[in-house]
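Have a look at the structure below, then the notes.
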Number of protein chains: 2
Amino acid sequence: MSSENPTRRKILDTAWKLLEAGGRPTRMSDFARAAGISRQALYLHFPSRAELLVAVTRHVDQVKDIDARLAESRAADSGEARLAAFVSAWGNYIPEIRGVSRALLAMQEGDAEARAAWAGRMEAVRQGCAAAVTALARDGQLAEGLSEKRATDLLWALLSVETWVRLCETCGWSQQDYIAEMQRAARRLLLA
Amino acid sequence: MSSENPTRRKILDTAWKLLEAGGRPTRMSDFARAAGISRQALYLHFPSRAELLVAVTRHVDQVKDIDARLAESRAADSGEARLAAFVSAWGNYIPEIRGVSRALLAMQEGDAEARAAWAGRMEAVRQGCAAAVTALARDGQLAEGLSEKRATDLLWALLSVETWVRLCETCGWSQQDYIAEMQRAARRLLLA
DNA sequence: ATGTCAACTTTACACCGTGTCAAGATTCCC
DNA sequence: GGGAATCTTGACACGGTGTAAAGTTGACAT
């Protein structure tokens with residue numbers, strides 16, 4: 001759906017790199033310069049900044065093959081193993097999309113499209129959470145007094161990008177610590 | 001420090017109301033109109049949008065007396081009771097500052113002042129978390145393998161505004177459910 | 001070789017929100 | 001009545017997004 005056009009590809013690649021580099025200003029003109037084209041040519045490919053960012057996330061998803069990664073967690077036998085695998089798969093994906101998500105998150109307020117795009121991505125994560133919780137419930141492992149819905153919400157909140165940012169960037173946790181602690185937390189919160 | 005000037009007060013009150021009402025656009029002109037003065041007069045009192053927002057949060061803190069609320073949690077005898085009281089005190093404060101925090105959060109990217117202001121507030125919350133954790137440790141109740149620092153980080157992340165937003169706004173939890181579940185979560189995560 | 005089509009360039013402009021500036025008006029106080 | 005604070009009106013600069021239009025370049029077909 002997106003592979004053909006070479007300039008489009010270059011735009012996505014350089015924009016990605018730019019976003020991930022984290023150097024603050026990522027205006028349309030910056031993306032254009034990075035791709036070696038004029039600002040207007042950028043608008044020839046993407047009608048708005050929001051759509052460009054959305055396209056970048058999709059591009060990243062494709063290159064990093066998030067689907068395949070999350071699929072692995074589905075292969076685990078026990079619900080508990082599945083939970084751990086999911087936490088690890090998603091948790092290790094977060095740092096790879098940090099740049100894009102920061103930009104997309106920052107324009108949530110004020111841009112409905114960005115809001116919808118982010119909500120969509122998060123919904124996908126939520127489904128992963130729900131699947132893990134269901135597997136847990138099937139094993140009879142879910143803590144009593146905890147509905148599947150509530151357990152899913154809880155896990156989803158625990159695994160939010162915002163939480164990752166706080167722990168890894170603000171508090172200085174290593175990625176390893178983060179994963180280990182989140183697995184532990186998920187177990188403690190959800191298991192009987 | 002801020003009580004005297006009546007227009008200043010009116011600005012803060014109406015701005016607060018406006019922010020809490022949630023109707024999207026909160027530009028300087030909106031604040032001015034709400035206060036019944038011209039946009040320029042607003043700049044006579046606050047040099048920038050960021051400083052206005054910061055002043056509003058301080059104003060809210062003062063009116064709602066957050067300090068007194070958090071102080072109550074310090075009165076609890078056992079570490080566990082203290083943890084519950086802190087979760088409840090802060091957790092019930094979040095919805096009251098939802099509007100201001102949304103605005104302040106939204107301008108984090110790009111405005112160093114807003115960033116600093118928000119970080120400062122969060123630091124205060126963090127200290128509350130740290131105090132609760134220390135009380136827990138003193139009781140010998142802290143889960144083994146969990147340093148005080150890590151426990152504090154974890155609790156702090158759990159009680160973030162972002163997490164509240166996700167659970168209460170996105171997932172539709174009631175405030176009651178939120179508090180109850182966060183108390184349960186904090187216990188499960190931190191206690192031995 | 002010519003025509004044409006797509007991708008790109010340059011230049012210019014409209015719009016919005018923030019923040020600045022300057023020239024009055026109003027009100028209160030001495 | 002004089003003066004200072006406070007507020008008003010109106011204008012403008014700046015930065016960033018998005019639009020519009022006219023011109024350049026290169027590939028490819030006939």
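For clarity, every value in this text was computed on a predicted model and none was experimentally measured. So you know, we letter chains A, B, ... as the sequences are listed, proteins then strands, and number each from 1.
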- Query: Would a 4.5 Å heavy-atom cut-off, applied to side chains only, mark B/Y178 and B/P95 as touching?
  - Reply: no
Taking only nitrogen or oxygen atoms into account, show me every contact under 3.5 Å that the protein makes with nucleotides 16-18 of chain C, one pair per line with its distance.
unit_1	atom_1	unit_2	atom_2	d
C/dG17	OP1	B/R27	NH1	3.1
C/dG17	OP2	B/R27	NH1	3.2
C/dT18	OP2	B/M28	N	3.3

- Length of the CD-P vector between A/Q40 and D/dA22, whole Å: 15 Å
- Step through the shown structure and confirm whether more than 12 heavy atoms of other residues, nucleotides or ligands are within 6.0 Å of CD on B/Q176. no
- Rounded (10°) bend between the five-pair end axes of the helix from C/dA1-D/dT30 to C/dC30-D/dG1: 10°
- Would you tell me if any nitrogen or oxygen in the side chain of A/T7 comes within less than 4.0 Å of OP1 or OP2 on C/dC8? yes
- Yes or no on salt bridge (charged side-chain N to carboxylate O under 4.0 Å, His left out) for A/D30 and A/R33, after CA distance, side-chain angles and deciding distance? CA-CA 5 Å; A/D30 296 311; A/R33 189 162 354 97; 3.3 Å; yes
- Query: A/L12, A/L44: one ILVMFWY side-chain cluster at the under-4.5 Å cut-off?
  - Reply: no
- Send over the distance from A/L52 CG to D/dG16 C1', rounded to a whole Å. 15 Å
- Query: Rounded to the nearest Å, what distance is computed from the CD atom of residue B/E109 to the C1' atom of nucleotide D/dG15?
  - Reply: 17 Å
- Query: For A/L44 and D/dA21, what is the distance between atoms CG and P respectively, to the nearest whole Å?
  - Reply: 14 Å
- Item | A/Y43 and A/M28, any side-chain heavy atoms less than 4.5 Å apart | yes
- Could B/E20 and B/K17 be called an ion pair, given the rule that one side-chain N must be under 4.0 Å from one carboxylate O? no
- Side-chain contact test, heavy atoms from C-beta onward, threshold under 4.5 Å: evaluate it for A/L155 versus A/L159 and give yes or no. yes
- Item | Rounded distance (Å) that lies between atom P of C/dA6 and atom CZ of A/R8 | 18 Å
- Query: Strictly by modelled atom types, are A/E148 and A/T134 linked by a side-chain donor-acceptor pair under 3.5 Å?
  - Reply: yes
- Output yes when at least one side-chain N/O atom of B/H45 is less than 4.0 Å from OP1 or OP2 of D/dC7, else no. yes
- Note on the structure: Rounded to whole Å, CD1 of B/I11 lies from P of D/dT6 at a distance of 12 Å
- Is B/R150 positioned over the aromatic face of A/W173, cation under 6.0 angstrom from the ring centre and no more than 45 degrees off axis? yes
